[in-house]
Q: 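Following this message is one structure expressed as structure tokens.
Throughout, protein chains are lettered first and strands after them, A, B, ... in sequence-line order, and every chain is numbered starting at 1.
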Amino acid sequence: MATIQNIKGMRDHLPQAMLLRQHIVATLQQVCERYGFDPLQSPVVEYAEVLEGKLGDDEKLIYRFEDHGGRQLALRYDQTVPLARVVAQYAGQLVLPWRRYAYGPSYRGERPARGRYREFYQFDADIVGSSSPLADAEIVALLCEALSALGFPDFVTMLNHRQLIGGIARTSGLDEAAAGGVYRAIDKFDKLGAAGVQEELLRSGVAPRAAEQILALVQIEGDAPAVLEELAARLANDERAVAAVANLRAISEALVGLGIPAERYTVAPRLARGLAYYTGLVFEAITPHWPEGSLLGGGRYDELIGQFAKRSIPTVGLAFGIDRLHDVMEQLGLGPQATGTAVAFVTIFGPEQTQASMALARELRAAGINTLLCLEPTTALGKQFKEADRKGARFALVLGPDELARDTVVLKDLRTGVQEHVERSSVSAKVRSS
RNA sequence: GUGCCUGUAGCUCAAUGGCAGAGCACCUGACUGUGGAUCAGGAUGUUGCGGGUUCGAGCCCCGUCAGGCACCCCA
């Protein structure tokens with residue numbers, strides 16, 4: 001091994017980072033289960049053909065390889081396509097609608113940057129087998145509660161609909177083929193501004209009048225009902241767009257019913273999403289503290305599972321970007337600030353007191369207290385305290401000759417610096433109640 | 001995958017082509033049965049890696065690896 005380093009775009013997560021990441025995952029899991037979702041885990045490796053033909057142009061980013069048996073394999077690109085495979089494969093055993101969550105790494109051969117990695121962790125939640133707008137609303141409500149639970153103060157979920165974007169293109173006199181360029185252009189609105197998008201539209205061959213109309217539609221703003229009303233009026237002669245508006249209206253009304261505050265979501269006609277399998281609702285959550293992109297994204301994909309199963313199974317879901325959530329939360333100082341898992345550090349006064357200290361550590365652990373035991377009985381007490389401090393332990397405990405004689409323990413609170421003699425028999429209760 | 005920028009001690013960064021440095025962190029001690037604070041001392045580098053130009057390269061050139069930014073796209 002000539003070079004000691006990790007693969008480009010793939011990271012090691014040291015303990016301090018892992019504590020925050022585990023907090024994020026545990027919180028998401030808790031919220032999902034509160035919504036009645038059940039866990040699923042599938043392999044990181046799939047047959048290449050399972051992933052092919054589902055992602056559009058992004059397919060070139062798939063990690064492919066051949067195994068020792070000559071099988072053409074691929075690392076999963078997301079957890080949505082594997083979900084579709086699982087649903088098709090176990091159709092008889094699953095009770096639809098099926099709500100499931102899944103957590104794990106996915107792989108994309110992209111150029112790494114801040115918030116973009118080649119190995120990245122996603123936490124997915126999907127509702128399989130329902131086309132009801134209540135299903136869409138449940139997913140959006142879940143994500144709002146999850147981001148709130150993580151402590152994000154000011155996120156907004158942007159909602160849009162595939163057929164709304166399509167309707168905007170059609171109403172502007174463009175066919176499906178030209179629509180791709182339109183999606184890409186309007187998606188850059190927040191980055192380029194109106195003038196920039198117009199320039200982009202003209203460059204991709206859109207007529208000036210159509211470009212202006214697209215810009216006007218895309219810039220409609222306000223609360224969800226107002227935006228939808230305006231869109232309904234302007235897209236009245238496009239049947240599919242009208243249906244899309246009605247769908248979004250049903251979803252946003254359901255969000256009201258589910259208790260999601262109005263400032264947490266908005267209908268944003270400018271939101272486009274690249275993944276080819278989306279068919280209806282699409283959404284992203286953004287926060288001003290993360291200008292690089294979205295913290296999570298998702299939507300409805302009613303035809304994807306049908307590519308594996310014999311019939312189409314309507315599904316809506318989302319993926320949280322754990323790495324991005326982690327990066328923003330670290331930047332904002334959200335989440336636990338602990339440097340380690342230990343609460344108590346049991347010192348060893350000297351070789352003669354080793355047995356007594358081990359017994360004390362055992363007792364604390366039995367009481368459910370995360371406890372570090374000193375490993376070098378001959379180490380100066382000062383160094384042991386220093387180790388306790390640097391490991392982030394809240395308490396240091398000392399069992400010296402005096403304490404053993406009086407059947408007490410010295411319990412020092414490293415945060416306040418206050419220490420006291422505690423009855424040997426009440427130590428763990430004392431630590432636990434602090 | 002394309003273009004641009006960057007890479008020096010554990011971290012943040014200095015060093016006109018001329019002896020590789022500072023702050024923080026780290027280690028030892030002052031210190032008593034006790035961490036953080038203060039003081040005194042100490043250690044630290046194949047300048048990402050490999051070539052080239054030069055009397056001489058951290059600095060210039062080529063390649064490579066990694067990171068960042070833009071494109072593309074997304075979590």
Side-chain angles (χ1 to χ4, degrees), chain A residues 2-11 14 24 28 55-62 76-80 103-124 143 180-181 183-185 187-188 191-192 200 271-276 278 282-286 290-299 317-328 339 345 347-350 353 374 379-404 409-421:
Chain A
T3 51
I4 301 176
Q5 64 180 184
N6 41 359
I7 303 297
K8 180 204 277 265
M10 306 202 183
R11 307 184 296 165
L14 298 182
I24 293 168
L28 296 181
L55 302 166
D57 291 342
D58 295 344
E59 227 167 274
K60 57 179 185 288
L61 302 178
I62 294 175
R76 69 177 173 216
Y77 178 92
D78 61 16
Q79 300 196 90
T80 305
Y103 168 69
S106 294
Y107 299 84
R108 297 181 191 177
E110 288 188 292
R111 188 82 165 252
R114 180 169 172 74
R116 329 182 52 163
Y117 306 100
R118 290 187 166 181
E119 177 184 69
F120 60 100
Y121 283 75
Q122 286 182 316
F123 190 107
D124 280 36
L143 86 83
Y183 301 160
R184 279 192 290 277
D187 194 41
K188 293 179 197 162
K191 201 179 285 180
L192 301 178
E200 185 101 352
L271 173 69
R273 285 180 59 74
L275 287 174
Y278 290 121
V282 291
F283 58 86
E284 279 180 6
I286 57 167
W290 189 254
E292 282 90 347
S294 56
L295 300 174
L296 59 88
L318 87 161
F320 292 92
I322 300 301
D323 304 273
R324 289 181 181 179
L325 288 172
H326 173 267
D327 288 354
V328 193
T339 55
F345 187 101
T347 61
I348 298 182
F349 189 86
Q353 288 77 24
C374 171
T379 303
L381 214 47
K383 280 195 181 177
Q384 296 189 38
F385 269 76
K386 187 163 188 166
E387 184 183 347
D389 183 44
R390 294 178 59 170
K391 286 289 193 287
R394 167 88 188 273
F395 298 102
L397 294 93
V398 183
L399 255 184
D402 296 349
E403 288 75 26
L404 285 169
V409 174
V410 166
L411 176 65
K412 180 164 184 175
D413 186 331
L414 294 175
R415 224 152 60 185
T416 62
V418 177
Q419 71 177 40
E420 59 180 321
H421 284 265

Q: Need one value for A:Gln353: base, sugar-phosphate or nothing, where a base atom within 4.0 Å counts as base even if backbone is also close, heavy atoms only.
A: nothing
Q: Searching all strands shown, indicate the nucleotide that pairs with B:C72 (Watson-Crick or G-U wobble; both distances under 3.5 Å).
A: none
Q: Say you pick atom C1' in B:U16 and the same atom in B:C59; how far apart are they, in whole Å?
A: 10 Å
Q: Is A:Tyr121 stacked against the base of B:A75, taking the criterion as centroid distance under 5.5 angstrom and interplanar angle under 30°?
A: no
Q: Indicate, with a heavy-atom threshold strictly under 4.0 Å, whether A:Pro401 touches base, sugar-phosphate, or nothing.
A: nothing
Q: For A:Ile286 and B:A75, give me the distance from atom CD1 to atom P, rounded to whole Å.
A: 15 Å
Q: For the P atoms, the ones on B:G1 and on B:A43, what distance do you get once it is rounded to whole angstrom?
A: 46 Å
Q: Indicate yes or no for a side-chain donor-acceptor contact from A:Asp413 to the backbone of A:Gly417 under 3.5 Å, with no hydrogens or angles considered.
A: no
Q: Between B:C74, B:G36, B:G33, which nucleotide has the shortest distance from any of its atoms to the side chain of A:Val398?
A: B:G33
Q: For B:G7 versus B:C13, give the span between their P atoms, rounded off to a whole number of Å.
A: 10 Å
Q: By the 4.0 Å heavy-atom rule, please label A:Lys383 as base, sugar-phosphate, or nothing.
A: sugar-phosphate
Q: Does A:Lys188 put a side-chain nitrogen or oxygen below 4.0 Å from OP1 or OP2 of B:C71?
A: no
Q: Distance criterion of 3.5 Å, no angle test: do you see the side chain of A:Glu110 paired donor-to-acceptor with the base of B:A75?
A: yes
Q: Using a 4.0 Å heavy-atom cut-off across all strands, classify A:Ala388 as base, sugar-phosphate, or nothing.
A: nothing
Q: Can any side-chain N or O of A:Thr416 pair as donor or acceptor with the backbone N or O of A:Val418 at less than 3.5 Å?
A: yes
Q: Checking contacts here: which listed nucleotide (B:U34, B:A75, B:C69) is nearest the side-chain heavy atoms of A:Arg111?
A: B:C69
Q: Mind checking the P distance from B:A14 to B:A22? Whole angstroms is fine.
A: 16 Å
Q: As a test of understanding, state which of A:Glu110, A:Arg108, A:Arg111 forms a side-chain contact (heavy atoms from CB on, under 4.5 Å) with A:Arg116.
A: A:Glu110
Q: Give one of base, sugar-phosphate or nothing for A:Gly9, where a contact means two heavy atoms less than 4.0 Å apart.
A: sugar-phosphate
Q: Using a heavy-atom cut-off of 4.0 Å across all strands, would you classify A:Leu325 as base, sugar-phosphate, or nothing?
A: nothing
Q: Expressed as a whole number of Å, how far does the C1' atom of B:G67 sit from that of B:G35?
A: 36 Å
Q: Please give the nucleotide sitting opposite B:U47 as a Watson-Crick or G-U wobble pair, both distances under 3.5 Å, or none.
A: none
Q: Is A:Gln419 touching bases, backbone alone, or none of the nucleic acid, heavy atoms closer than 4.0 Å?
A: base
Q: Whether the side chain of A:Gln384 and the base of B:G33 hold a donor-acceptor pair under 3.5 Å is what I'd like checked.
A: no
Q: Atom CG in A:Leu318, atom OG in A:Ser294: separation rounded to 0.5 Å?
A: 10.5 Å
Q: By nearest heavy atom, map A:Val418 and A:Phe320 onto RNA chain B; which one lands nearer the 5' end?
A: A:Val418
Q: Both distances under 3.5 Å, Watson-Crick or G-U wobble: report the partner of B:A20, or none.
A: none
Q: Who is the Watson-Crick or G-U wobble partner of B:A14, with both distances under 3.5 Å?
A: none
Q: So, does the side chain of A:Arg114 form a donor-acceptor pair with the base of B:C69 at under 3.5 Å?
A: no
Q: Is a side-chain donor or acceptor of A:Gln79 paired with a backbone partner of A:Gln122 at a separation under 3.5 angstrom?
A: yes
Q: If I take atom CZ in residue A:Arg118 and atom C1' in nucleotide B:C73, what distance separates them, rounded to the nearest angstrom?
A: 14 Å
Q: Considering every strand shown, what is the Watson-Crick or G-U wobble mate of B:G42 when both distances are under 3.5 Å?
A: B:C26
Q: Of A:Val410 and A:Arg11, whose nearest nucleotide on RNA chain B comes first from the 5' end?
A: A:Val410
Q: Determine the interatomic distance between P on B:U8 and the same-named atom on B:G50; round to the nearest Å.
A: 16 Å
Q: Passes ring pair (Phe, Tyr, Trp, His ring centres under 6.0 Å), A:Tyr77 versus A:Tyr107? Steps please.
A: CA-CA 5 Å; A:Tyr77 178 92; A:Tyr107 299 84; over 10 Å; no
Q: May I ask you to verify whether the side chain of A:Lys412 and the base of B:G35 hold a donor-acceptor pair under 3.5 Å?
A: yes
Q: For B:A75, does the base pair up with any side-chain atom of A:Arg116 as donor and acceptor (N or O, under 3.5 Å, distance only)?
A: no
Q: Using a strict 4.0 Å threshold on nitrogen-to-oxygen distance, state whether A:Asp323 and A:Arg11 make a salt bridge.
A: yes
Q: Is there a side-chain contact between A:Arg415 and the phosphate of B:G36, meaning an N or O under 4.0 Å from OP1 or OP2?
A: no
Q: Just call it for A:Leu296: base, sugar-phosphate, or nothing, with non-hydrogen atoms closer than 4.0 Å on any strand.
A: sugar-phosphate
Q: Does a nitrogen or oxygen in the side chain of A:Lys8 sit under 4.0 Å from OP1 or OP2 of B:A66?
A: yes
Q: Checking contacts here: which listed nucleotide (B:C72, B:U34, B:G35) is nearest the side-chain heavy atoms of A:Arg184?
A: B:C72
Q: Which whole number of Å gives the distance between the C1' atom of B:G52 and that of B:A57?
A: 11 Å
Q: Can we say A:Glu200 and A:Lys188 salt-bridge, meaning some charged N sits less than 4.0 Å from an Asp/Glu carboxylate O?
A: yes
Q: Using ring centroids (six-membered ring only for Trp), state whether A:Phe395 and A:Phe345 fall under 6.0 Å.
A: no
Q: Name the pairing partner of B:U53, where a pair is Watson-Crick or G-U wobble with both distances under 3.5 Å, or state none.
A: none
Q: In whole angstrom, give me the gap between the P atoms of B:U6 and B:G17.
A: 15 Å
Q: For B:G35, does OP1 or OP2 lie under 4.0 Å from any side-chain N or O of A:Lys391?
A: no
Q: With both distances under 3.5 angstrom, what nucleotide forms a Watson-Crick or G-U wobble pair with B:G58?
A: none
Q: Using a cut-off of 4.0 Å on non-hydrogen atoms, how would the nucleic acid contact of A:Arg108 be classed: base, sugar-phosphate, or nothing?
A: base
